[in-house]
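Worksheet: one structure, shown below.
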Amino acid sequence: MKNFFYIVSIFVITFCWSCKNKSLEKPIEHMTSEPIVEHHDIQRLEPSNWWIGFKNSKLELLVHEDDISKATPEISYDGVSIEKVSKGTSPNYLFIDLNISESTKPGKFNIVFKFENGEQKIQTYELKSRTKSAEDYIGFNSSDAIYLITPDRFANGDTSNDVNLNLEETTINRQDDYARHGGDIKGIINHLDYIDDMGFTAIWPCPLLTNDMPRTSYHGYAMTDFYQVDPRFGTLSEYKELADKAREKGIKLIMDQVVNHCGSEHWWMKDLPFSDWVNQQKSFENHTQLKNSNHRRTSNQDLYASEKDKHEMSDGWFVPAMPDLNQKNPHMATYLIQNSIWWVETLGLGGIRQDTYPYSDKTFLSHWAGAIMTEYPNFSIVGEEWSYNPLIVGYWQKGMNNKDGYESNLRSPMDFPMQRNIVNGLNEDEQWDRGFVKMYEGLANDFHYAKPEDFMIFADNHDMSRIFTQLHEDVVKTKMALAYVFTVPRITQFYYGTEILMSDSAQPGDHGLIRSDFPGGWEGDAVNAFTGEGLTDAQKDMQLFVKKLVNYRKHSNAIHEGKTIHFAPENGVYVLFRVLDDEIVINILNKNKQETTLDLSRFEEIGLKGKSVKNIITDEVFEWGDTLELKQEGALLLTTKLK
């Protein structure tokens, strides 16, 4: 009998110990909350999910459902509390302000909407764990060269999504410059090797979100849903795949965002939540005349600007098909800030490009950029201020000592002033006040900027004529322009197709032509720029020039962070140096069509005498002596870095 009790005791102890071990092995996520039955009774709830661990513990949910304002929301989840519920002027909205404490665990919970008649609707919501720390979201900087893409015109990787009969525009026509052509996210994914091989370290696709507009929706800037990928471009999974595969190659993904306006067919335009959700809303609802922006962007800085000019600038619609969002409405402001953060976290972005920057309410812009940079201290945002006045553009950069005390929190403005100086400097004949001096004095304006190396320079982009067109289809001048933008102290942005001399000279300034199809992006294309098949000798030469230059830049610390020294143009020659430790990069721009001798003693302070230098493009090595024979017009790019 003793043996029996002994055996039973051993069995009980073993069983209990086994149970204890199994309990300890239970995954943490299953211990954080009780299992729930998922419900999806609400038509729309945005953002569709969120994350724990943000510095800002607040989250505002936009809820859109018939007569939802008559309901009282309830949440029972550890660490999550409802702080405030706001009703819109439309009965179909609620705005729920949540507080997510530091102790909150990831998981799903139900939001229960209880109506007075006893009815209830339930929506399941998820708080996720963040996949990496805030500090690991690294933005673009002066070491980056960014490849700008108009997705509809780059490559068609999936023909099955070319047409979507559930959307307004249901055709594609590659013969029509303003129709959809079928380029998509898969097309970009398929050609990441090409982008990487060319040396680019970041990609900036124009917006990929839904533009459910009846016509000309290919460009992406008239969004009708801020949380949905346009199905003609692909899916959210494919957008994530693009981000992941680019990241594997060391290529950052920059998202083109728009907080100033939406498309006129945006889902909320049929049921606006507040009476001031968009600017000039009364006129819109009464079908009376709407005013476009006066485009007087200087009113943002002008000490003498009238209130009327300021109002008409920021509250006017950009174009009739793009309603102007009212960021003075606190719910709209919060919605836009959260949307930007949602995309940063969802895609693991390497930066944001913000469209039409000075058209939004500038107080909001400071809060918007500040909120993002607070959460992601190593992140980058570039803002589009299309002004040729460096005083105006510099105003928007973080750290500027603005007379009105404005702090933008924006790291990178776009350098439109320098782009204009490059074009004028190369197109003009050399005189005391014309030609290269425009570039020389333009770069001298860097004394005004808080951090000039954080400006984004470019030769052209999706909204202006191709640089080849701007320079009257002069290949040599185009090379000089690109040599300059890739060596000055800036972040460089490059527009797809410039490497093969794409042009809009048939109709200069025509947006549809500027955004032409990249040859080889469609099955059956006679010319394929990805492989070189069918390209002219001039196109191949330019492509190789860009490839060698960008790949050199990719590993050049002197270009990334070196000292800049340039010498005033003389006799049709402008010389710029980038210097860091033993690496010296020399950019000699020469307009002389006849062979000319350059006296190198003028550059003695650089300390090159007797050193070996290598031609970055041809790999030729020679010694820097007393003179240099410039045998032809163009850009001569040299380096002391021989390997």
Side-chain angles (χ1 to χ4, degrees), residues 44-56 59-62 126-132 134 136-140 146 149 151 185 188 202-211 220-231 233-247 251-263 266-267 325 327 332-357 360 364-365 367-384 409-412:
R44 186 181 292 269
L45 192 153
E46 295 177 340
S48 56
N49 68 273
W50 203 243
W51 295 265
I52 60 170
F54 284 120
K55 292 177 184 176
N56 182 4
L59 173 66
E60 183 171 84
L61 301 178
L62 178 155
E126 183 175 10
L127 293 175
K128 298 182 177 182
S129 294
R130 299 175 70 181
T131 57
K132 59 182 180 180
D136 289 337
Y137 286 81
I138 309 297
F140 50 82
I146 300 164
I149 298 168
I185 295 171
I188 302 174
I203 51 173
W204 154 18
C206 293
L208 289 162
L209 303 187
T210 297
N211 275 226
Y221 290 96
M223 295 163 187
T224 56
D225 192 317
F226 284 97
Y227 281 97
Q228 183 186 67
V229 176
D230 195 303
F233 287 140
T235 63
L236 179 59
S237 293
E238 287 174 324
Y239 206 170
K240 290 178 179 178
E241 182 186 356
L242 172 61
D244 292 340
K245 289 190 172 178
R247 196 158 34 244
I251 296 173
K252 299 167 186 173
L253 175 62
I254 299 168
M255 185 175 185
D256 201 338
Q257 297 188 350
V258 187
V259 295
N260 179 66
H261 54 262
C262 63
H266 192 288
W267 64 265
L325 305 178
Q327 302 94 9
M332 170 63 83
T334 299
Y335 180 92
L336 295 170
I337 290 169
Q338 290 179 171
N339 178 255
S340 293
I341 291 173
W342 190 89
W343 282 110
V344 174
E345 202 74 23
T346 296
L347 298 174
L349 290 176
I352 291 172
R353 182 263 183 181
Q354 186 56 246
D355 185 59
T356 54
Y357 204 80
S360 298
F364 159 77
L365 286 172
H367 294 322
W368 172 80
I372 295 168
M373 296 305 295
T374 295
E375 296 294 348
Y376 308 98
N378 298 320
F379 198 64
S380 296
I381 305 170
V382 60
E384 179 199 30
N409 293 309
L410 177 72
R411 180 170 286 178
S412 300

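Keep in mind that the numbers below use all heavy atoms, side chains included, and drop hydrogens, waters and symmetry copies.
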Original post:
Aromatic rings Tyr376 and Phe379: how do their planes relate, parallel, tilted or perpendicular, breaks at 30° and 60°?
Top reply: tilted
Original post:
With sequence neighbours excluded, what pairs up with Lys245 under the salt bridge (Lys or Arg N to Asp or Glu O under 4.0 Å) test?
Top reply: Glu241
**OP:** Could you check whether the rings of Tyr335 and Tyr227 sit parallel, tilted or perpendicular, using 30° and 60° as the cut-offs?
**Re:** perpendicular
Original post:
Got a donor-acceptor contact below 3.5 angstrom from the Arg130 side chain to the Gly53 backbone?
Top reply: yes
Original post:
Quick check: does any side chain N or O of Gln354 sit under 3.5 Å from a backbone N or O of Ile381, one acting as donor and the other as acceptor?
Top reply: no
Original post:
Does Gln327 reach the main-chain N or O of Met332 with its side chain, forming a donor-acceptor pair under 3.5 Å?
Top reply: no
Subject >> Atom pair CD (Gln257) and CG (Leu336), whose distance is rounded to the nearest 0.5 Å >> reply: 9.5 Å
Original post:
What distance separates Leu349 CG from Ile372 CD1, expressed to the nearest 0.5 Å?
Top reply: 10.0 Å
Subject >> For the student: nearest non-hydrogen atoms of Pro207 and Gly220, plus distance >> reply: CB-O, 3.1 Å
Subject >> Set of residues satisfying salt bridge (Lys or Arg N to Asp or Glu O under 4.0 Å) with respect to Glu60, sequence neighbours excluded >> reply: none
Subject >> Approximate separation, where rounding is to 0.5 Å, of Phe233 CZ and Tyr239 OH >> reply: 10.0 Å
Original post:
Can you tell me how far CG of Leu62 sits from OG of Ser48, rounded to the nearest 0.5 angstrom?
Top reply: 12.0 Å
